[in-house]
Amino acid sequence: MAKTQLGARVDEDVAELAKKRAADLGLSIGDYLARLVQDDASGLRARAVGAAARFLADHQAVFDQAEEAQQAPQGARAT
């Protein structure tokens, strides 16, 4: 497939974050950005966010209980 060069201006912190994330994934910046665009255009990102929201809505009580247990004072025990 033929490649086309794009140009974009972003804040330095965004550029550094993109470079680091691409390196973490073993991708070039171009391949990383292409993956982001493809995921966004295919609706994958939206479906993933929706699935995460549904999971949290269904299981929020479990997370709340775990957080409350972590915040209980040392030595406190449930009766």
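In this chain, residues are counted from 1 in sequence order.
- Qualifying side chain to side chain contact (heavy atoms under 4.5 Å, CB included) partners for Leu27, counting only residues two or more places apart in sequence or in other chains: Leu25, Asp31, Tyr32, Arg35.
- Checked against salt bridge (Lys or Arg N to Asp or Glu O under 4.0 Å), Asp13 has no partners two or more places apart in sequence or in another chain.
- The salt bridge (Lys or Arg N to Asp or Glu O under 4.0 Å) analysis of residues 37-59, with sequence neighbours excluded, yields no pairs.
- Residue Phe63 is found in a hydrophobic cluster whose other members, listed by chain and number, are Phe55, Leu56; membership requires side-chain heavy atoms under 4.5 Å apart, directly or through intermediates.
- Applying the side chain to side chain donor-acceptor pair (under 3.5 Å) criterion to Lys3, with sequence neighbours excluded, gives no partner residue.
- Partners of Glu67 under the side chain to side chain donor-acceptor pair (under 3.5 Å) rule, at least two apart in sequence or in another chain, are Gln71.
- Partners of Val37 by side chain to side chain contact (heavy atoms under 4.5 Å, CB included), not counting sequence neighbours: none found.
- In this structure, Ala22 and Ser28 approach most closely via the heavy-atom pair CB-O, 3.9 Å.
- The other members of the hydrophobic cluster of Val10, by chain and number, are Val14 (side-chain heavy atoms under 4.5 Å, ILVMFWY only).
- In this view, Asp64 and Gln60 satisfy the side chain to side chain donor-acceptor pair (under 3.5 Å) rule, not counting sequence neighbours.
- The salt bridge (Lys or Arg N to Asp or Glu O under 4.0 Å) pairs that include a residue from residues 15-27 are Glu16-Lys19, Lys20-Asp24, where partners are two or more places apart or lie in different chains.
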